[in-house]
Each structure stands twice: as C-alpha cells, then as structure tokens.
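Below is one structure, written out as structure tokens; the observations come after it.
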Amino acid sequence: MRVWATAHATADLYQGLVPAAVPYFVLERNLSYSAASGLALAATFGSALPQLPIGLLADRRRMPWLGPLGLILAALGVGLAGVFASYPVVFAMLLLSGLGVAMFHPPAGRDARAAAAHSATAMSLFAAGGSVGFFLAPALATPLLDAMGLSALALFIPPAVLMAFVLSRHQQRQAARLTTVPPAVGTDRPRMFALLIPVEVARSCISFGINTFVALYWIKELGASSALGGTALTLGLAGGIAGTLLGGRIGDRFGLTRTIQLGNAALIPAFGALLLVRDPYVALVCVVVLGVTANIPLAVLVKLGQDYLPSRPGTAAGVTLGLAVSAGGLFQPVLGLIADHHGPRGAFVTLAFMPLLAIALSAGLKPPR
C-alpha cells in the first residue's frame, strides 16, 4: 500500500499541476477563461477515453511496465506544456500527459485492492495518495511559477522518472510471486455499477470545477493576490486529503452507500458558506471545509465500484479512478464559458447546484452483496 499510495501521489501530482497552472496561462499568455479551461479539458480527455480498454487489459494481464511508463508520459506532457508557446502544441502535450495518467490508474487500483482486502480505510490510504499529489501540485508549483513562469513546469519531470524506477523494481518483486490475477470473490452487479458511474461523474465535475476556478475566484472576485489564490487551492486540496481519509473510516463504520450520500448532502452548506463570505482570509476556512466534504466519498466510490465488479477490479478502478473522474474535466469548458460571462463566481454558483444531482443519483445505490 505504501508503494502504490506514493506512486498514486506522483501520478496525480501531474493532474494537479494543470489546474495549478491555469491562472498562469491566463495571466502570462493572455488566454480567455474558456481557452484556459480547454487545457484542463485536454488533460482530462487524454486520460478519460483510454481508461476502460486499459482497465480491461489490466484484468487479463499484469503488465508491470504499464504503471511506470504512464508516470513518465504524464510528467513529460505537463513539463513540455510549459515550454512550448503554441496553444495546439500545449494542448497535445496535455493530451499525452492524460494518456500517461490513464495508463497508471487501472493496474494501480487493481493491486491496491488486493493489498487493502475488504477495508475501506486501507483503500482510503491509496486514494489519499492521489489527493496528496493534487495537494502538492499547487504547493510546489505556485512559488516556482511565480518566480520562473510556465517554463518551471519542466522541473517536475525528474520526480516521475525516479518514481517509475522505484515502481518498476516493486513490480519486478511482485511478479516473482504473483504471475496471475487473484480470483474474484463476490458477484458482479453491473446495474449498480452503471448507476455508480453518473454519481462519480457528477462529483468529478464539482471537484474539477473547484480546483480549476478556486484560485481565479480569489484573484478576480475576492481581490486577492495570485499567491493567496494558490494558497486557497492548496488548502482546499489539503482538506481533500483529510476528507478522503475520513471517508474511508466513515465507510467502514456506517457503510459505503451511506457515506456517499452523506458527502453529497454536506456539499450544499459548504458551497453556501464559501459564496457568502467576502473576506479572502476568512474564506480560506470555507475552502478547507469544502475540500473535506468534496472528498469524503472518494475512496468509498472506488471501493464500491470494485465491490460491484469483483471479477474486474482493474476495469472498475479504471472507470472510478480514471474515466468517471476524468469525465468531470469535460464539463470545464462549460464552466469556462459561464466564467467568461459572469466571472469565476458564476462558475461557483453553478457548481453549488450540482450536489442536488449527485444526491438524486446516489439515492438508488445499494450495499454490495
């Protein structure tokens, strides 16, 4: 679990770098909100489409090289996106980065499930690794981007190369004693899994929207500096780590479906508090609370998806960790258009209504057998 959680943090570091860099693409290259949101779409699109076929493949073959190669491609794409000035080339680089992320998640989710057994708390450690990566992205990137501009993104390539080496060695040790995929335990429930996907997509739209526009909300709506905007994003992601770990414990105690429903309902007052506060420093407390509530169901959704499809844990992880999560990025251009006309506050008001959809969808979820 330690190896996979660390690798997950590394992979999602590169997903987190994209929203962290969006304000700098707006300020440094004079992009519109919709064009900047398109860059988030590129990374999302690159990771969303390949998740299902890669998951199906990971359930049939172990392929220990898949995760390490994915880490390297994820880093190269983001790093080179900061070097090139052409918007189409930057878009292509972020597509490549997304593909790398897509190559990582299914085998990682499959092996993390084997390590976690039936514990949502243990699975939350793996999921929290991804939250740590998202958290570290603005914390590390903001001071470098402030000092060096977008070219600083290239400095984030070496960590992925190092982690790919560590993960490759780990996979070699695992391959010596695990040559086949462990047999499934439980009965597949494809209908419940199909219902789980739109719940995950709705929550993903919310999470991506928060990460993409929170710094711009502080800068444009609350009159804060870019550094304080980066701080808001960092604190929101720190709350996400706490929420992910908390959600695992709640899931073990009260059940997986109830935890998802609780997290969805808690988002409504969390959004309301943030939109009502106008002081940028007081609002930092609100964004931490929003980060916690937005991530309570994260690990639980991943585990529940694999419990609904116990014979295909890689496919389930590819969908819940990858496809459904990444699909939230497809909604970002819509939020970008709203922000172009109504500012980042308009995007957050839109996001504040989306938990109602998640609540309605999650009401039909049933505990796994």
Side-chain angles (χ1 to χ4, degrees), residues 1-17 47 51 54-55 57-76 78 97 99-137 139-140 156-182 237 240-242 244-245 247-249 252 295 298-303 305-306 313-318 320-322 325:
M1 290 299 293
R2 287 194 299 269
V3 172
W4 282 112
T6 306
H8 195 192
T10 305
D12 283 6
L13 170 71
Y14 300 100
Q15 282 191 299
L17 285 174
S47 65
Q51 292 280 354
I54 291 175
L57 191 60
D59 284 329
R60 290 181 172 88
R61 300 181 181 180
R62 299 208 64 86
M63 296 182 297
W65 50 268
L66 194 60
L69 179 59
L71 290 175
I72 293 174
L73 292 180
L76 285 175
V78 169
S97 179
L99 175 61
V101 172
M103 294 170 62
F104 172 82
H105 280 118
R110 176 198 63 201
D111 291 352
R113 174 177 172 81
H118 300 291
S119 172
T121 299
M123 198 64 184
S124 73
L125 297 176
F126 171 71
S131 299
V132 169
F134 274 105
F135 165 77
L136 288 176
L140 297 175
F156 290 91
I157 296 176
V161 177
L162 175 61
M163 189 65 231
F165 173 76
V166 172
L167 183 58
S168 180
R169 293 291 300 272
H170 174 71
Q171 292 286 70
Q172 289 173 9
R173 292 192 295 269
Q174 291 290 339
R177 61 186 184 88
L178 288 176
T179 56
T180 61
V181 178
L237 294 171
I241 298 171
T244 302
L245 295 172
R249 292 192 174 274
D252 279 336
N295 284 271
L298 179 59
V300 175
L301 283 163
V302 175
K303 186 179 186 308
Q306 292 180 321
T315 302
T320 55
L321 275 173
V325 170

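Rounded to the nearest 0.5 angstrom, Leu71 CG and Tyr14 OH are separated by 8.0 Å. The distance from the CG atom of Leu136 to the CG atom of Leu13 is 6.5 Å, given to the nearest 0.5 Å. A distance of 7.5 Å separates CG of Asp252 from NZ of Lys303, quoted to the nearest 0.5 Å. We find the CZ-CG distance between Phe104 and Leu69 to be 12.5 Å, quoted to the nearest 0.5 Å. For the atom pair Thr10 OG1 and Ile72 CD1, the distance stands at 12.0 Å (nearest 0.5 Å).
Counting only heavy atoms from C-beta outward, the side chains of Phe156 and Val78 never approach each other to under 4.5 Å. By the 4.5 Å heavy-atom criterion applied to side chains, Ile241 and Leu237 are not counted as neighbours.
Take Ala102 and apply the side chain to side chain contact (heavy atoms under 4.5 Å, CB included) test, not counting sequence neighbours, and it matches Ser47, Pro50, Gln51, Ile54. Leu162 pairs by the side chain to side chain contact (heavy atoms under 4.5 Å, CB included) definition with nothing, not counting sequence neighbours. For Phe126, the ring-ring contact (aromatic ring centres under 6.0 Å, His included) test picks out His8, with sequence neighbours left out.
Nearest heavy atoms, Ala160 versus Ala75: CB-CB, 3.3 Å. Of all the heavy atoms in Ala11 and Val101, the pair that sits closest is O-CG2, 4.2 Å. The two residues Ala137 and Gly16 have their closest heavy-atom pair at CB-C, 3.3 Å. The two atoms that bring Leu125 and Ala5 nearest to each other are O-CB, 3.7 Å, heavy atoms only.
Listed for the Ser168 side chain is no donor-acceptor partner under 3.5 Å among the backbone atoms of Ala164.
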